[in-house]
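Source: prediction; values computed, not measured. Basis for what follows: all heavy atoms, side chains included, without hydrogens, waters or symmetry-related copies.
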Amino acid sequence: MLTKILIANRGEIAVRVIRTCRELGIATVAVYSDLDRDALHVRLADEAYSLGGQTAAESYLNTEAILDVIRRSGADGVHPGYGFFSENTDFARAIAAEGVTFIGPPPEAIEVMGDKISSRVAASKGNVSGVPGRNDVLQSADEVIAFGNEVGWPVAIKAAYGGGGRGMRVVKSAEEAAAALESAQNEALKGFGRSECYLEKYLTWPRHVEMQVIGDTHGNVVWVGERDCSAQRRHQKLVEESPAPNFPDEIRQAMGDAAVRVAKACGYYNAGTVEFLYQDGEFFFLEMNTRLQVEHPVTEAITGIDLVAEQIRVASGEPLSFTQDDIVRRGHAIELRINAEDPAGGRFLPSPGKITKLQVPNGPFTRFDLGYEAGDEVSQFYDNLVGKLITWGRDREEARLRMLRALTELEIEGIATTAAAHEAILSHPDFIAGEHSTKWVEERLDLSGVGGAAGAVAAASAEDGAPAKVRKDVAVEVNGKKFNVALWVDDQPVVAVAAGGGAGGATRARPRPASAAASGGAAGAGHVTVPMQGTIVKVLVAVGDTVEVGQAVAVLEAMKMENQIQAEKSGTVTDIKVEAGQAVGSGDVIMEIGD
Ligand code: MV4
């Protein structure tokens, strides 16, 4: 067995891996950026080493710095988690060259699956149908038109080196083909450095069902169970569950067998996930994720298998500790992603900042995988996943009601989170019936009534310039009976006590309305403010330009998402206070617009 594992990651997944290592008696090495010096994964690991830097590129994606820590610590294995280096073959090969084990699949399999055309070819070698489509690089709009006329519209143009939905264009008719192809190729080139695209028939109301597989280096590959990840928003999963609701067991068995054949067709070992689209009783191979996924705990909950422990075993050269027939799936599990995002009004704006209060749910069959504790800062430089709440029940309804109970216990202050949206999702009749598909959150779910933590600022914060009200909960006793009373009081500016606290921390203590249009009485004066902490990636106008109300004037990146900052009045740009690359804090004025 491996004896000392370096976790090349941060947040909840680094914490997750450290826990299993400790159970297996394996020493752990954490690495950290300057911002993560006191992070939870650093506190929990046996040893921790600085990588320096703030951004991912400077720290968790710095190959040389990580190789240096491997040498200094004497680690014999590296767990990459998800994201960062988890699907990077240069990194996997670089550590192998040091005689260190990459806890993941062989680089050749990552390469086959990284190219979506070659992954479709591999699937068909395993006798598994992809979504009807073409397995060659698209050369002209005429091919799009011919394909659409043959299989029916709409069709999807996808980036061969993309994935996760980025770079996909849905084409509804022949007239749209040329423009869609050009824009897909441009986006692919910009996003992935390669412009190659290919064609698939576009399925209009599919469910996203994925199959967990795991294999060893002795030729064994098994499927562990499927997950339904249909509750998504802009390709960000919100809720995952297993088993998939309303999913016949014959289909499950067939999908499991298909996933094993796909894995075997590319010489796979370690943990992986084969994604399918499922519609009208049929399933089609979509892509394979060659890593441990965020949502792996729902599979753990229904099988009792620790997937990280199994990853470490097979990476150590041991055979799988179970056979296909040993796997027992029991009951139902649901996972909610608790992201630092404000779901108010369905906008899901990034909400980095300091977690000032955190009350963790607990109780029967309730698991909370968390990357932070109270007092920790959720940085704008990393992804926005704060934690994952998982419940198990004997059936779906028991797991769902348990989740709603657990959500009532969860209290997070200082940042807004997706928790408020989850309550709406889990209570919705479509979700209860298991009838939600991939477009449901965006097209059918009404989140207009949802307020995040920042939504606790009174909606009455007033276009009319009245001061914002904040909610204060007070307990009172009347005739010996306790009542909880909500008071709406003036939002008092909080005086930062700690000297030298950076732009992020203290400012958040005074939450702002999520809507840029509600940034206070000064809006009419033509100040353009940013609604959240982040980095300006682009300024879209120059001094002297005339702008219309609602026009995008700058692009702000926070937590890997780009957000357009819009002018709140029409007029002429008189002053620009920022440039691309500059960090800004919530509420900063970045531009002035005169009449
Ligand atoms: C599709 C599709 C319909 N037809 N391909 C988006 C994520 C990426 N893995 C592939 N995606 C899709 N591909 C065809 N031919 C619909 C989606 C899709 C989707 C898929 C899975 C989960 C959520 C989704 C949300 C919108 C679109």
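A donor-acceptor pair is defined here as one N or O able to donate and one able to accept, closer than 3.5 Å; such a pair exists between the side chain of Glu87 and the backbone of Thr290.
Here Glu557 pairs with nothing under the salt bridge (Lys or Arg N to Asp or Glu O under 4.0 Å) rule; sequence neighbours left out. Legend: residues meeting ring pair (Phe, Tyr, Trp, His ring centres under 6.0 Å) with Tyr202, ordered by chain and number and at least two apart, are absent.
The cationic atom of Arg396 (NZ for Lys, CZ for Arg) lies less than 6.0 Å from the six-membered ring centre of Phe431 and within 45° of the ring axis. Cation-pi geometry between Arg194 and Tyr161 is met: the NZ or CZ atom falls under 6.0 Å from the ring centre, inside 45° of the normal.
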message = Could you walk me through whether Arg400 and Leu404 satisfy the side-chain contact (heavy atoms from CB on, under 4.5 Å) test, starting with their C-alpha distance in whole Å, then the side-chain angles of each, then the deciding distance to 0.1 Å, before giving a yes or no?
response = CA-CA 6 Å; Arg400 187 184 75 85; Leu404 285 168; 3.6 Å; yes
message = Please evaluate residues Glu200 and Lys116 with respect to the criterion salt bridge (Lys or Arg N to Asp or Glu O under 4.0 Å), reporting the C-alpha separation (whole Å), side-chain torsions for both, the decisive distance (0.1 Å), and the verdict.
response = CA-CA 11 Å; Glu200 281 179 6; Lys116 305 303 158 191; over 6 Å; no
key: ring pair (Phe, Tyr, Trp, His ring centres under 6.0 Å) between Phe102 and Phe85, worked out   = CA-CA 10 Å; Phe102 180 75; Phe85 278 142; 9.1 Å; no
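Leu307 has its side chain within reach of Gln212: a pair of non-hydrogen atoms, C-beta onward, lies under 4.5 Å apart.
Note that CG of Asn384 is 8.0 Å distant from OG1 of Thr418, once rounded to the nearest 0.5 Å. In this structure, CG on Leu67 lies 8.0 Å from CD1 on Ile95, to the nearest 0.5 angstrom. In this structure, CD1 in Ile13 is found 5.0 Å from CG in Leu292, a value given to the nearest 0.5 Å.
A salt bridge (Lys or Arg N to Asp or Glu O under 4.0 Å) check over residues 55-66, counting only residues at least two apart or in different chains, returns nothing.
For Phe84 and Tyr60, the ring centers are positioned less than 6.0 Å apart.
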